[in-house]
Visitor: 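Submitted below is the structure of interest, expressed as structure tokens.
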Amino acid sequence: LGPRPCTSAVSLSRQVQGTGGSSAVSKCSAAARGYIQDRFLRLLVGRQRRRAPLVHRGYYIRARAIDHCVQDFLLKTQGCPRTQILSLGAGFDSLYFRLKDLGLLHHTVVYEVDFPNVACQKAALIKRMEELSALVGDTGGEGLGVITFSGEDYKLLGVDLSELSELESALQEAGLDNETPTLFIAEVVLAYMESSRSDALVRWAAERFPRACFLLYEQMHPGDPFGRVMQQHFQQLSSALRSLAQYPDCEAQQRRFSERGWTECSAMDMNEFFTCCTTEDEQQRVQALEPFDEYEEWHLKCSHYFVLTASKGMEPPWTPLLSNMTAPRHGAPVAVAGSVTAAVCARHSEGPSLRRYGHHSVLIKPNVILTTGGFGEEDGQHCRMRNFHVLIKHRGCWKAGCVKQENPDKRWDERLYHTVSCLSNSLALVVGGRTSPSSAGLGMMWLRFPDTSNALDPDVLTVELVPVQPAAEPAALRWRHSTTEVMFKGEKYLFVYGGRSSMEPVLGDWYFLHTQELSCSVVPVEGPAPESRHSHSACGWRGGALIAGGLGAAERPLGSVFFLRELEHGFQWQKVETHPLLIPRYSHTAHVHEGKLLLVGGVWLHSSSVPGVTVVDLTTGLCSDYTIDVEHLEWPLMLHNHSSVLLPDEEELLLIGGGGNCFSFGTHLNPEPVSLSLSNILTRS
């Protein structure tokens with residue numbers, strides 16, 4: 001018998017069902033690139049589209065978490081005569097076929113439930129694909145009630161999950177046994193339901209099944225900048241995340257289950273899962289699959305999804321997230337010393353856009369800020385930025401000036417993640433950067449600003465691009481590095497440190513570039529060298545350089561601070577001890593002001609908050625964290641891949657650009673420069 005006629009679900013829109021189809025396509029793309037082993041997805045999905053590496057990683061960690069917990073359940077219950085898996089909102093998932101193919105369903109029956117029309121489509125696919133139908137076997141039971149396909153150990157049901165009485169009746173009809181140990185799986189399903197209905201489902205599962213486990217994978221943290229972009233994305237798809245406000249984090253979700261009959265419950269975000277429940281070999285395998293340079297968005301995506309396991313009546317208790325940990329969990333919540341208020345920078349709105357990330361901004365002379373490169377918005381299109389941008393302060397107000405390139409035949413290389421070091425009012429050096437993460441670094445380039453550039457029109461900045469020969473200096477073939485002016489024996493040097501390249505995912509070497517000759521000099525450096533890193537910060541201080549944070553070799557944020565101290569015969573690495581310990585972070589910016597190191601924004605793995613401004617007293621080591629009050633901003637302020645300029649006389653920080661590709665939720669770029677007044681926290685710290 002063919003699948004029975006069925007109609008669309010009434011209580012939830014087709015757009016919600018469409019999210020399942022999009023997810024299946026993304027999983028299929030990840031499987032095609034080797035992230036997950038799944039030969040059945042292409043049969044169930046049909047259409048194939050290649051997704052971005054960031055999306056591949058996101059769906060890899062989702063599939064990895066589900067498989068980890070499901071296989072743990074099957075292992076822990078292998079002594080039971082019979083077990084059941086009930087996948088709620090299964091869509092076109094291939095879980096049953098993978099488990100069957102691996103020989104893991106000797107005494108387990110898999111039940112899948114989804115909207116009637118989705119279940120009908122999947123049933124038709126299975127019957128049409130011999131490779132699928134041969135694995136299931138056909139008992140001819142489909143077409144009876146809500147059962148759209150039935151095999152000996154596989155039942156596919158078309159039911160609206162929000163109608164609990166209909167669900168219970170359908171499961172009884174399909175032969176689900178309440179006394180048998182049962183694993184419930186809800187993979188990005190409950191969030192689309194009204195909280196009252198999803199809560200009732202959680203309680204029903206605990207009340208009806210004496211021995212049961214629940215596996216939940218969903219979004220969280222709707223209130224921070226990334227979370228706001230995520231929520232807006234689903235709202236635009238007419239598939240709002242309905243329970244997110246009531247259950248915004250892991251703690252709230254754990255209480256939800258504990259208060260509804262589940263005795264054991266644990267949860268972690270996907271950064272923790274990847275770090276704690278995935279072996280180092282597996283982490284390295286995934287990290288090497290494709291050229292990748294979207295670390296910030298990867299960690300932010302992982303901090304906005306969680307996996308939760310709950311159980312009752314299981315002996316021993318089912319705790320797959322705790323019993324298989326390969327590393328300790330993340331630390332305690334962040335202690336906050338206060339806040340600093342963010343305000344949109346007073347500026348005239350005309351002129352080129354500053355919506356970009358991966359750029360560099362530098363104060364080339366008093367009240368003149370030059371911004372170069374990055375990826376952003378130009379003429380309504382997202383692209384690598386080709387034009388320079390200048391901000392000029394006049395009568396207390398910043399406005400966009402005009403940049404005139406004196407030699408237009410010389411092209412700016414549209415680079416990202418480079419540095420610009422201003423050596424005088426008329427000269428700056430660009431070091432490194434990239435176009436694509438699979439391409440080599442872009443070398444060095446001079447930027448000259450003729451002294452006469454402001455004579456006729458103070459709002460015009462003239463820039464001359466001068467290539468450096470040889471441009472392929474080893475010091476410059478990198479990105480996400482730092483370049484800091486240091487002094488040695490009365491001579492100026494640029495200290496180029498760390499970063500990454502197309503060949504090395506993280507670098508720990510350094511070079512001293514003599515600013516006059518632009519050649520690498522051999523300068524002795526003693527003491528234990530810092531761990532290799534990129535996306536760190538570096539500031540000049542007392543003739544040396546302060547290196548803070550960064551992303552290390554295992555793609556984990558670092559919390560160390562090192563001072564490259566000038567000695568009579570060279571330099572010495574010294575570790576700066578902080579108390580409390582500096583929270584590991586990267587993709588931040590930094591400045592030194594009156595003996596205090598200011599770390600601004602960035603990404604850390606504490607998903608309960610986002611980095612604001614951290615003040616480190618370089619004399620005492622006291623470390624204080626301040627949140628950024630964004631009440632007066634009408635848009636999410638993303639402080640990673642941004643630039644910042646310290647205006648010391650005003651004790652003010654100007655934040656320029658920032659943001660990035662928010663997984664599959666779209667690109668967010670901070671639309672305006674933001675001003676932070678630091679006078680309050682600098683006095684207090």
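In what follows, residues are counted from 1 in the order of the sequence shown.
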Visitor: Would you please test Asp625 and Val336 for side chain to side chain contact (heavy atoms under 4.5 Å, CB included) and show each step?
Guide: CA-CA 5 Å; Asp625 286 294; Val336 176; 5.5 Å; no
Visitor: side-chain hydrogen bond (donor to acceptor under 3.5 Å, both in side chains) between Ser560 and Arg533: does it pass, once the steps are laid out?
Guide: CA-CA 11 Å; Ser560 53; Arg533 64 191 70 202; 2.9 Å; yes
Visitor: Should Phe92 and Leu41 count as side-chain neighbours, where that means a heavy-atom distance under 4.5 Å?
Guide: no
Visitor: Listed by chain and number, what are the side chain to side chain contact (heavy atoms under 4.5 Å, CB included) partners of Ser258, not counting sequence neighbours?
Guide: Cys265
Visitor: Please tell me whether Ser535 and Ser587 have a donor and an acceptor in their side chains that are separated by less than 3.5 angstrom.
Guide: no
Visitor: Which residues pass the side chain to side chain contact (heavy atoms under 4.5 Å, CB included) test with Glu179, not counting sequence neighbours?
Guide: Asp177, Pro210
Visitor: For Ser94 and Asp38, does a side-chain donor sit closer than 3.5 Å to a side-chain acceptor?
Guide: yes
Visitor: So does Trp318 get a backbone contact from the side chain of Glu264, meaning a donor-acceptor N/O pair under 3.5 Å?
Guide: no
Visitor: So, the side chain of Gln48 versus the backbone of Val25: is there a donor-acceptor pair under 3.5 Å, distance only?
Guide: no
Visitor: Considering all heavy atoms of both residues, which atom of Thr148 and which atom of Gly158 are nearest to each other, and what is their separation?
Guide: CG2-N, 4.3 Å
Visitor: Is there a donor-acceptor contact under 3.5 Å linking the side chains of Thr279 and Asp281?
Guide: no
Visitor: For the pair Val188 and Arg62, evaluate side chain to side chain contact (heavy atoms under 4.5 Å, CB included) and give the outcome as yes or no after the intermediate values.
Guide: CA-CA 10 Å; Val188 195; Arg62 170 175 171 171; 3.8 Å; yes
Visitor: For Trp298, which residues count as a side chain to side chain donor-acceptor pair (under 3.5 Å) partner, sequence neighbours excluded?
Guide: none
Visitor: Under 4.5 Å between any side-chain heavy atoms of Ile85 and Leu99, yes or no?
Guide: yes
Visitor: Is there a donor-acceptor pair under 3.5 Å between the side chain of Arg260 and the backbone N or O of Leu201?
Guide: no
Visitor: Any pair with a residue in residues 289-298 that passes salt bridge (Lys or Arg N to Asp or Glu O under 4.0 Å), sequence neighbours left out, goes on the list, sorted by first then second residue, please.
Guide: Arg50-Glu290, Asp293-Arg434, Asp293-Arg480, Asp293-Arg500, Glu296-Arg480
Visitor: Does a salt bridge link Glu282 with Arg64, judged by any charged N lying under 4.0 Å from a carboxylate O?
Guide: yes
Visitor: Answer yes or no: is there an ion pair linking Lys122 with Glu112, defined by an N-O contact shorter than 4.0 Å?
Guide: yes
Visitor: Please list, chain by chain and in numerical order, all residues satisfying ring pair (Phe, Tyr, Trp, His ring centres under 6.0 Å) with Phe292, sequence neighbours excluded.
Guide: Tyr295
Visitor: Please step through ring-ring contact (aromatic ring centres under 6.0 Å, His included) for the pair His68 and Phe273, ending with a clear verdict.
Guide: CA-CA 10 Å; His68 172 91; Phe273 180 84; 5.3 Å; yes
Visitor: Among side-chain atoms of Asp224 and His304, is any donor-acceptor pair under 3.5 angstrom?
Guide: yes
Visitor: After noting the C-alpha distance and the side-chain angles of Thr309 and Ser266, does the key distance pass the side-chain hydrogen bond (donor to acceptor under 3.5 Å, both in side chains) rule?
Guide: CA-CA 6 Å; Thr309 60; Ser266 59; 3.3 Å; yes
Visitor: Can you tell me if Asn661 and Thr667 form a side-chain donor-acceptor pair at under 3.5 Å?
Guide: yes
Visitor: Quick check for you: to the nearest 0.5 Å, what is the distance between Ser150 atom OG and Leu156 atom CG?
Guide: 9.5 Å
Visitor: Sequence neighbours left out, what passes ring pair (Phe, Tyr, Trp, His ring centres under 6.0 Å) with Phe209? Give chain and number order.
Guide: Phe184, Trp204
Visitor: Taking only residues two or more places apart in sequence or in another chain, which ones pass side chain to side chain contact (heavy atoms under 4.5 Å, CB included) with Thr263?
Guide: Lys312
Visitor: Taking all non-hydrogen atoms of both residues, which atom of Pro81 and which atom of His107 are closest, and how far apart?
Guide: O-CB, 3.3 Å
Visitor: When rounded to the nearest 0.5 angstrom, what distance separates CG in Leu74 from CG in Leu105?
Guide: 6.5 Å
Visitor: Please lay out, stage by stage, how Glu555 and Arg57 fare under the test salt bridge (Lys or Arg N to Asp or Glu O under 4.0 Å).
Guide: CA-CA 13 Å; Glu555 292 189 10; Arg57 282 199 182 195; 2.8 Å; yes
Visitor: Calculate, to the nearest 0.5 Å, the distance between atoms OG1 and CD belonging to Thr108 and Gln84 respectively.
Guide: 9.0 Å
Visitor: Using a strict 4.0 Å threshold on nitrogen-to-oxygen distance, state whether Glu194 and Arg197 make a salt bridge.
Guide: no
Visitor: Applying side chain to side chain donor-acceptor pair (under 3.5 Å), name anything that partners Lys27, two or more places apart in sequence or on another chain.
Guide: Asp93, Glu187
Visitor: Considering residues at least two apart in sequence or located in another chain, which fulfil the side chain to side chain contact (heavy atoms under 4.5 Å, CB included) criterion with Ala191?
Guide: Glu218, Gln219, Leu241, Ser243
Visitor: Do Phe214 and Phe257 have ring centroids that are under 6.0 Å from one another?
Guide: yes
Visitor: Which pair of non-hydrogen atoms, one from Ser162 and one from Met193, has the smallest distance, and what is that distance?
Guide: CA-CE, 3.7 Å
Visitor: Please determine, by modelled atom types, if Arg256 and Gln253 share a side-chain donor-acceptor pair under 3.5 angstrom.
Guide: yes
Visitor: May I have the step-by-step check of side chain to side chain contact (heavy atoms under 4.5 Å, CB included) for Gln232 and Arg228, ending in yes or no?
Guide: CA-CA 6 Å; Gln232 184 180 22; Arg228 290 170 63 185; over 6 Å; no
Visitor: For His233, check ring pair (Phe, Tyr, Trp, His ring centres under 6.0 Å) against everything at least two apart and list the hits.
Guide: Phe665
Visitor: From the options Leu183, Val110, Val113, select the one residue that forms a side-chain contact (heavy atoms from CB on, under 4.5 Å) with Leu86.
Guide: Val113
Visitor: Going from OH on Tyr59 to OG on Ser29, what distance comes out if it is rounded to the nearest 0.5 angstrom?
Guide: 11.0 Å
Visitor: Do the side chains of Lys76 and Asp72 get close enough for a salt bridge, i.e. N-O under 4.0 angstrom?
Guide: yes
Visitor: Listed by chain and number, what are the ring pair (Phe, Tyr, Trp, His ring centres under 6.0 Å) partners of His299, not counting sequence neighbours?
Guide: Tyr586
Visitor: Under 3.5 Å, is there a donor on one side chain and an acceptor on the other for Ser133 and Arg128?
Guide: no
Visitor: Would you please test Asp199 and Tyr247 for side-chain hydrogen bond (donor to acceptor under 3.5 Å, both in side chains) and show each step?
Guide: CA-CA 11 Å; Asp199 286 347; Tyr247 303 110; 2.8 Å; yes
Visitor: Among residues two or more places apart or on two chains, list those pairs meeting salt bridge (Lys or Arg N to Asp or Glu O under 4.0 Å) that have a residue in residues 79-90.
Guide: none
Visitor: Within this structure, what is the CG-CG distance for the pair Leu171 and Leu157, rounded to the nearest 0.5 Å?
Guide: 6.0 Å
Visitor: For the pair Asp249 (side chain) and His221 (backbone), establish whether a donor and an acceptor sit closer than 3.5 Å, ignoring hydrogens and angles.
Guide: no
